[in-house]
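Inspection log for the structure reproduced underneath, given as structure tokens.
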Amino acid sequence: MTEITSAPAASAERLSRQDLARIVARDITPGSFVNLGIGQPTTVADYLTPEQRVTLHTENGMLGMGPQAHGDQIDQDLINAGKVPVTELPGASYFHHADSFAMMRGGHLDVCVLGAFQVSATGDLANWSTGAPDAIPAVGGAMDLAIGAKETWVMMSLFTKDGTPKLAPELSYPVTGLGCVTRIYTDCGIFHITEHHGTRGPHLVEAHGLSREEIQNRLEVDLL
Amino acid sequence: MTEITSAPAASAERLSRQDLARIVARDITPGSFVNLGIGQPTTVADYLTPEQRVTLHTENGMLGMGPQAHGDQIDQDLINAGKVPVTELPGASYFHHADSFAMMRGGHLDVCVLGAFQVSATGDLANWSTGAPDAIPAVGGAMDLAIGAKETWVMMSLFTKDGTPKLAPELSYPVTGLGCVTRIYTDCGIFHITEHHGTRGPHLVEAHGLSREEIQNRLEVDLL
Amino acid sequence: MPAIAESAVEAVSAVNDGSTVLMGGFGNAGQPMELIDALLESGSTDLTVVNNNAGQGDAGLALLIKERRVKKIICSFPRQSDSWHFDTAYRAGEIELELVPQGNLAERLRAAGAGIGAFYTPTGYGTALAEGKETRQIHGRNYVLEYPLRGDVALIKALYADHEGNLVYRKTARNFGPVMAAAAAQTVVQVDQLLPTGEIDPETVITPGLYVDTITVVPSASAAARGEAPADAAQAA
Amino acid sequence: MPAIAESAVEAVSAVNDGSTVLMGGFGNAGQPMELIDALLESGSTDLTVVNNNAGQGDAGLALLIKERRVKKIICSFPRQSDSWHFDTAYRAGEIELELVPQGNLAERLRAAGAGIGAFYTPTGYGTALAEGKETRQIHGRNYVLEYPLRGDVALIKALYADHEGNLVYRKTARNFGPVMAAAAAQTVVQVDQLLPTGEIDPETVITPGLYVDTITVVPSASAAARGEAPADAAQAA
């Protein structure tokens with residue numbers, strides 16, 4: 001349970017995607033084992049420091065993944081979950097798909113960082129399907145990642161282009177995992193999903209570009 | 001389904017334990033993967049020929065087990081399921097306990113040879129407990145071995161010292177596995193548990209020291 | 001001892017019309033390209049295919065789908081930028097799709113190889129992919145009951161085999177190979193090199209030979225590019 | 001990164017009164033003798049112990065049982081020619097026994113590490129060891145429902161570790177080590193040698209470092225007898 005403080009840290013500007021990645025990287029406890037989802041979460045790796053000694057997992061069977069491979073480093077047998085060629089760090093290990101997802105499902109990773117279409121006030125996650133009736137469905141490892149780590153963090157913009165909040169009282173998009181999200185990193189603020197006086201909901205830890213009041217006014221969710 | 005022939009092969013003498021081991025070894029299809037249980041079944045290994053290319057599994061995590069180790073060969077880290085030091089053959093592999101029992105439970109071994117207190121007419125096996133009320137129970141891998149291989153063969157004497165048949169209509173000893181035994185190799189004869197006109201029961205394939213009629217007369221089980 | 005097939009076409013002869021075929025690989029890594037191409041050539045049809053994806057571009061599995069020889073695909077991620085043959089077949093209602101979360105796919109294959117009758121997994125609980133499935137709360141956590149996924153034939157790729165069929169993979173190309181090898185009645189492997197028995201350290205074997213039925217040697221372009229030809233391998237039988 | 005404990009006694013400090021302790025080993029192979037001896041010294045009591053056996057002779061686990069510090073043992077084969085301390089405690093009703101078929105024991109540990117809620121196993125169906133357990137027929141075969149077996153602490157033995165905690169075992173001493181390492185909240189390993197990170201080929205790692213919390217180096221008599229000191233190991237940090 002996170003301590004609820006009344007005044008969140010704040011900045012005048014909304015966070016850029018780079019700033020957001022830097023903040024997520026900063027918040028990862030040194031020595032953690034982490035899985036970074038495809039897309040925006042992948043960029044968090046660029047801001048992890050060697051001193052943090054964070055070990056990256058890729059669900060296609062590797063711990064100790066290094067940065068993206070370039071030029072002569074490229075090896076078709078060494079890719080990440082996004083099928084991008086990557087490198088291997090000293091102390092790495094390889095394992096098969098069942099062992100890799102067992103590692104995740106068994107709760108052995110400290111943090112998994114994912115993108116999202118929508119997160120509910122209680123931490124339900126929607127990130128695998130827009131629910132469009134004519135779309136071809138595809139899930140990959142999204143549902144395994146959502147519920148696998150000790151903590152699931154989401155990176156997303158707080159609002160869609162038309163201004164609809166992506167942090168919502170309940171999901172309107174198809175569920176990826178229930179009650180799994182513990183933190184939401186957005187351009188406008190950082191939320192921890194926590195319990196306060198028996199209610200589970202988002203606590204605003206940092207506000208950026210908007211004040212706490214502005215954020216509260218634009219959300220249909222009660223901030224704790 | 002085994003072809004039922006009217007006249008089993010026969011010899012005038014009961015089979016010695018060595019002869020029985022030789023016959024079991026002879027009956028193993030070349031190229032098979034086999035687990036030999038502790039005790040009498042272990043001696044089958046002495047009669048397997050190199051031409052048979054039989055690969056031995058030991059459930060404590062090895063395929064390609066060689067003969068018992070002696071003298072300088074003895075290595076405390078290389079033992080069989082009976083905790084006897086053994087050797088490693090070219091082409092061997094090691095794996096952990098869950099993988100080893102998965103190999104067995106998944107039906108990847110061709111034959112498992114076990115000892116028995118009692119086998120029922122339909123192939124139920126009792127070999128883990130005498131059911132004595134004051135005995136300390138211990139099961140080891142017996143129940144996994146009983147149901148794990150494609151075929152489970154039993155080696156035992158046909159009668160106890162007091163003449164009670166160990167091939168019985170139903171088990172009186174505690175069950176190890178139900179309907180799992182496919183062949184019974186005994187000093188007095190070799191039985192295949194098979195189906196004949198919709199009835200599952202023992203078919204006498206070879207008789208030794210007793211005639212088919214004598215065996216039938218001494219058993220409470222109808223031979224097919 | 002596994003059979004050594006002289007060609008990929010000979011190697012895939014175990015696949016019949018109506019077979020369930022497990023195909024290894026995640027992206028190109030570990031994908032048994034030549035075995036899949038041989039399957040294309042073989043003409044077998046009415047297949048159920050288990051793979052992480054549903055074919056890409058105009059090659060391999062995508063062409064099998066284009067030719068309507070796959071009646072059903074069981075996978076985690078069919079939709080890709082270049083999965084047009086699957087997309088067309090799917091929209092035309094000419095291929096059945098069973099969408100499975102990737103970890104459940106791997107665990108269902110593992111269960112098939114391990115003789116597990118069914119298992120409770122937390123993945124997918126409360127989602128559309130668990131609709132109609134049995135669920136259960138165990139020690140306060142919710143689970144979905146999932147069943148084993150068996151194949152008639154597995155087509156996989158490894159780095160080395162020895163004559164006993166022991167396999168070693170390479171980096172993230174290992175992926176589905178080991179669980180598929182154990183989940184199929186017949187396992188066919190394409191390897192870069194076939195080594196004499198005894199050349200693979202027993203401690204480093206990933207797939208023990210008893211899971212392997214047929215081996216065919218297909219030196220891969222990536223191996224050549226790596227310039228890797230271990231001293232051991234040069235004398236391979 | 002795992003902690004490096006200076007002594008076996010320091011290494012087992014994670015074990016508290018009432019802890020469930022997973023102890024590796026099958027026979028002497030893979031048995032973390034020095035860690036168990038340290039546990040004896042530590043004084044922790046009221047333990048639940050998971051091991052294949054129930055102690056032998058006058059050493060290790062047998063002495064813990066003799067001192068009545070084990071309230072319950074979960075194992076497959078307690079009865080041995082020299083299991084007299086267990087036998088006495090059991091007959092006196094001073095130790096609880098949960099007897100589990102060996103493969104179910106391994107699979108229950110595996111399930112705990114893999115986040116599986118429960119699984120259906122054919123082993124034990126129709127036997128006294130399945131009495132009172134839920135059963136189910138699946139595709140004509142009968143199964144028993146078994147639950148995961150978790151530990152507070154695992155005490156295991158490996159051949160080498162690197163500083164990341166990656167482990168390599170030796171021959172049949174591997175046995176329960178990998179599944180116990182994944183099934184416990186805290187995993188303590190005694191190794192023959194601690195190698196610099198990077199010295200273990202990533203393809204040959206059996207237990208990835210994330211499963212390991214504490215390492216202590218205990219050069220084993222058997223290693224010395226083997227005269228094995230790999231060139232790599234000589235420079236171990």
Side-chain angles (χ1 to χ4, degrees), chain B residues 38 58-63 65 72 74-88 92-107 124-126 128-129 131 134-148 171 173-180, chain D residues 24 26-30 52-54 75-80 83 86-87 90-91 97 99-111 113-114 121-130 141-142 159 169-180 182 206-207 220-223 225-226:
Chain B
I38 295 169
T58 181
E59 63 266 31
N60 53 319
M62 182 189 196
L63 268 177
M65 178 174 67
D72 286 353
I74 291 173
D75 179 336
Q76 298 301 333
D77 287 341
L78 180 47
I79 60 175
N80 68 13
K83 296 169 186 169
V84 174
V86 292
T87 52
E88 170 191 302
S93 55
Y94 295 102
F95 27 83
H96 62 58
H97 244 79
D99 279 352
S100 185
F101 281 82
M103 186 178 285
M104 200 145 60
R105 196 192 308 109
D124 299 343
L125 172 66
W128 78 279
S129 164
D134 62 337
I136 291 175
V139 66
M143 291 181 181
D144 308 274
L145 288 158
I147 57 96
L171 298 181
Y173 285 90
V175 176
T176 305
L178 295 176
C180 55
Chain D
F26 180 90
N28 285 337
N52 190 59
N53 304 105
C75 71
S76 86
F77 209 85
R79 186 190 62 226
Q80 309 224 47
S83 59
F86 171 79
D87 299 0
Y90 182 75
R91 292 195 195 285
L97 169 66
L99 192 67
V100 182
Q102 198 172 142
N104 286 356
L105 189 69
E107 190 68 12
R108 288 177 62 192
L109 291 162
R110 193 263 172 192
T121 174
T123 301
Y125 178 83
T127 75
L129 298 190
R141 193 169 194 198
N142 292 306
L159 179 60
Y169 301 83
R170 190 166 175 278
K171 301 189 185 283
T172 58
R174 188 183 300 189
N175 59 67
F176 286 97
V179 286
M180 286 185 170
I206 302 301
T207 294
S220 76
S222 67
R226 293 193 310 273

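Quick caveat, the model's predicted, so the values are computed rather than measured. Chain A is the first sequence line, chain B the second, and so forth, proteins listed ahead of strands; every chain is numbered from 1.
- Inter-residue side-chain proximity for K83(B) and N53(D) is flagged as met; some heavy-atom pair is nearer than 4.5 Å.
- Scanning all heavy atoms of the two residues, the minimum distance from T172(D) to I79(B) falls at OG1-N, 3.0 Å.
- When heavy atoms are compared at a cutoff of 4.5 Å, P174(B) does not approach chain D at all.
- Heavy atoms of L105(D) lying under 4.5 Å from chain B are absent altogether.
- Classification of the H97(B)-F26(D) ring pair by plane angle, with boundaries at 30° and 60°, yields tilted.
- Taking G141(B), A126(B), P137(B), A98(B) one by one and counting their heavy-atom pairs under 4.5 Å with chain D, the maximum is reached by P137(B).
- Closest of all the heavy-atom pairs between E88(B) and K171(D) is OE1-NZ, 2.7 Å.
- Ranked by heavy-atom pairs under 4.5 Å with chain B, the list G177(D), P122(D), S83(D) is led by P122(D).
- The most heavy-atom pairs under 4.5 Å with chain D, out of S93(B), A81(B), G177(B), A102(B), come from A81(B).
- Taking S100(B) as the reference, H57(B), E59(B), F95(B) meet the side-chain contact (heavy atoms from CB on, under 4.5 Å) condition, with sequence neighbours excluded.
- If you measure heavy-atom distances from F86(D) to chain B, the contacts under 4.5 Å come from the side chain alone.
- Counting heavy atoms from C-beta on, the side chains of N104(D) and M143(B) never come closer than 4.5 Å.
- Both the backbone and the side chain of R79(D) come within contact range of chain B, judged by heavy atoms closer than 4.5 Å.
- With a 6.0 Å radius and a threshold of 12 heavy atoms from other residues, nucleotides or ligands, D134(B) has its CG atom above the threshold.
- Between chain B and the residues A128(D), P78(D), C75(D), G30(D), the most heavy-atom pairs under 4.5 angstrom are made by P78(D).
- A side-chain donor-acceptor contact under 3.5 Å links D144(B) to the backbone of G103(D).
- Heavy-atom distances place no part of D124(B) under 4.5 Å from chain D, backbone and side chain included.
- When each of G140(B), A92(B), S129(B) is checked for heavy-atom pairs under 4.5 Å with chain D, G140(B) comes out on top.
- In this structure, R141(D) CZ and I147(B) CD1 are separated by 5.0 Å, a value rounded to the nearest 0.5 Å.
- Chain B forms the most heavy-atom pairs under 4.5 Å with one residue out of A106(D), G124(D), A54(D), and that residue is A106(D).
- In this structure, the portions of Y94(B) lying under 4.5 Å from any heavy atom of chain D include both its backbone and its side chain.
- When T58(B), L178(B), N60(B) are compared by the number of non-hydrogen pairs under 4.5 Å with chain D, N60(B) comes out ahead.
- In this structure, the portion of R91(D) lying under 4.5 Å from any heavy atom of chain B is its side chain and not its backbone.
- Closest heavy-atom contact between T176(B) and T127(D): O-CG2, 3.4 Å.
- Among all heavy-atom pairs drawn from E107(D) and R105(B), the shortest one is CB-NH2, 3.6 Å.
- Contact detail for I136(B) and Y90(D): the closest heavy-atom pair is CG1-CD2, 3.7 Å.
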